[in-house]
Amino acid sequence: MSVWSATVTRSEDGAIVVGGYDVRDLAGKFGTPLYVIDEVDMRARVSAFRDHFTAAFGRHGAKCDVFYASKSFLSSRVARWMLDEDVNMDVASGGELEIALRGGMPAERLALHGNNKSDAEMQRALEVGVGRIVLDSLDEIAVLDAIAGELGAVAPVMVRVTTGVHAGGHEYIATAHEDQKFGLSLATGAALEALRRVHAAEHLELQGIHTHIGSQILSIEAFRESAERMLRLRATFAAETGVEMPEVDLGGGYAIAYTPDAEALEARTAAFEIADAVADALAEAGGSWPRFSIEPGRAISGPAGMTLYRVGVVKRVELDEGGTRTYVAVDGGMSDNMRPITYGADYTAALAARESSAEPALSRVVGKHCESGDIVVRSVDLPSDVARGDLLAVPATGAYGRVMSNNYNALLRPAVVSVRDGEATLHVRRDTLEDLLSWDVAPDA
Ligand code: LLP
């Protein structure tokens with residue numbers, strides 16, 4: 001499986017070219033580390049989700065909307081792309097909401113998530129007219145009802161359901177099993193109770209139910225199981241109240257390949273298999289077709305992005321089992337990619353400004369932080385002549401990279417640029433030393 005974004009090629013003298021832009025020029029103009037988004041690739045990914053899910057659900061005479069999960073990567077320019085591509089977005093905080101609005105995304109196309117939304121976040125969402133607020137707890141129902149009442153508004157809401165389907169990769173990215181903080185449990189009856197309360201609330205309008213079962217999901221079976229449980233809940237509620245909720249959201253979690261030997265769940269396969277599974281589940285549970293929606297995040301932003309690093313120290317260490325490992329230290333690390341240290345995530349890397357015919361050497365790409373767990377790529381064969389000054393590219397870093405970055409060791413968070421047809425556009429500027437010092441409140445002279 002290729003881990004490089006759609007427009008990646010090599011120049012005649014061996015440098016990676018992405019979006020028609022030579023990485024040597026990108027590094028020269030914007031510095032390193034640098035997050036680079038291949039605009040053509042990212043737009044193609046989101047339009048593939050939109051088109052395949054529209055076609056697949058359309059075969060059943062039904063509809064499925066795409067909400068890009070902006071937590072995976074967000075800039076106001078990306079919000080604009082999503083609008084151009086005619087998809088909606090989900091936001092998970094007041095901050096994400098403001099960036100999406102700044103990009104011109106109409107509020108009614110936004111869904112607001114969060115397991116612990118503040119009063120201010122809910123109020124702002126109502127004031128700007130967010131299209132759906134996804135309620136995550138029983139407590140929140142009364143709070144939102146009161147806020148909406150004070151504003152003289154009616155809040156469009158969905159209820160986040162914990163279906164008990166345990167799917168996805170690392171424990172920290174599975175989200176619908178019982179013993180975690182998200183949503184309202186199907187098994188204990190909390191979800192049904194929430195629906196009753198929303199239905200009875202004066203200032204809430206029940207649009208439907210939402211679930212998100214986890215991330216890095218490769219198997220359709222988990223989606224099938226979750227759709228079955230969701231549609232049974234919808235039927236139970238309809239039998240009790242006569243209300244057939246109009247919408248069901250099945251969340252995100254479509255797996256991407258971070259390394260060449262890994263698999264991905266392609267939008268096309270996912271769309272047709274999920275639509276068929278949903279049709280079966282609906283036939284079983286009974287009821288009319290609701291409008292479906294999905295929330296892919298990393299499957300849109302992840303493979304479209306790469307990180308460029310500059311190599312510094314290269315060190316060979318002897319291994320107990322014999323042989324050597326080359327430690328290739330780059331100018332970033334766990335501050336710009338938290339995923340290896342957080343989830344043990346694997347990535348790959350390649351020499352970016354040149355090709356080399358030197359013998360491959362077992363290598364580990366590490367950062368410049370004061371921790372031995374500061375690993376960018378655990379294991380990769382790199383040419384044995386990698387040296388100080390080389391550029392390295394790490395593909396598939398477009399999701400949960402910049403958005404989870406931090407200033408550990410007072411490093412400066414990298415910029416994000418997108419490239420297309422030989423043009424580069426800045427989305428997020430690099431932190432400066434002045435930024436860093438301005439956050440620090442100095443003692444009196
Ligand atoms: N919808 C909801 C409600 C979510 O909570 C998430 C992710 C998504 C959609 C998108 O999931 P995706 O398609 O991107 O897998 N920081 C972790 C991932 C945490 C995801 C949390 N929610 C990582 O780097 O893998």
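Every number for a ligand or one of its atoms is a count from 1 in the order of the listing. All of these numbers come straight from a predicted model, not from anything done at the bench.
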query: Under 3.5 Å, N or O to N or O, is Ala299 touching ligand 1 that way?
result: no

- prompt: Can a cation-pi geometry be assigned to Arg160 and Phe182, taking NZ or CZ under 6.0 Å from the six-membered ring centre and within 45° of the ring axis?
  reply: yes

message: Checking contacts here: is it the side chain or the backbone of Ser215 that comes within 4.0 Å of ligand 1, counting heavy atoms only? Could be both or neither.
response: both

message: Tell me whether Asp41 is salt-bridged to Arg45, with the criterion being a basic N under 4.0 Å from an acidic carboxylate O.
response: yes

Ligand-side contact atoms (ligand 1) for residue partner Gly297, heavy atom cut-off under 4.0 Å: 12 (P), 13 (O), 14 (O)

field: Glu193 with Arg196: basic N within carboxylate O range, under 4.0 Å
entry: yes

- request: Report yes if Gly253 has an N/O atom closer than 3.5 Å to an N/O atom of ligand 1; otherwise report no.
  value: yes

task: Tell me, please: is Gly251 in heavy-atom contact with ligand 1, that is, under 4.0 Å?
output: no

message: Quick test of your reading of the structure: of His210, Glu295, Met338, Arg160, whose heavy atom lies closest to atom 9 (C) of ligand 1?
response: Glu295

- prompt: For ligand 1, which atoms have a heavy atom of Gly252 less than 4.0 angstrom away?
  reply: 9 (C), 13 (O)

query: Which bit of Phe182 is near ligand 1, meaning a heavy atom under 4.0 Å away: side chain, backbone, both or neither?
result: neither

query: Using 4.0 Å as the upper bound for N to carboxylate O, is an ion pair formed by Asp435 and Arg429?
result: yes

- prompt: Any N/O of Gln216 closer than 3.5 Å to an N/O of ligand 1?
  reply: no

message: On the six-membered ring of Phe67, is Arg109 placed so that its NZ or CZ lies under 6.0 angstrom from the centre and within 45° of the ring axis?
response: no

- request: Indicate yes or no: does Arg402 engage Asp336 in a salt bridge with an N to O separation below 4.0 Å.
  value: no

task: Please could you name the atoms of ligand 1 that Tyr343 approaches to less than 4.0 Å, counting only its heavy atoms?
output: 16 (N), 17 (C), 23 (C), 24 (O), 25 (O)

- prompt: If we only count heavy atoms from C-beta on, is the Asn406 to Arg413 side-chain gap below 4.5 Å?
  reply: no

- prompt: Above 12 or not: heavy atoms from other molecules or residues under 6.0 Å from CZ of Arg378?
  reply: no

message: Between ligand 1 and Arg298, is the shortest N or O to N or O distance under 3.5 Å?
response: yes

message: For the 3.5 Å polar cut-off, considering only N or O atoms, please tell me whether Ser72 and ligand 1 meet it.
response: no

- prompt: Got a salt bridge between Lys71 and Glu96, using NZ or NE/NH1/NH2 to carboxylate O under 4.0 Å?
  reply: no

message: Suppose I only count heavy atoms of Ala69 and a 4.0 Å limit; which atoms of ligand 1 are within that range?
response: 8 (C), 9 (C), 10 (C)

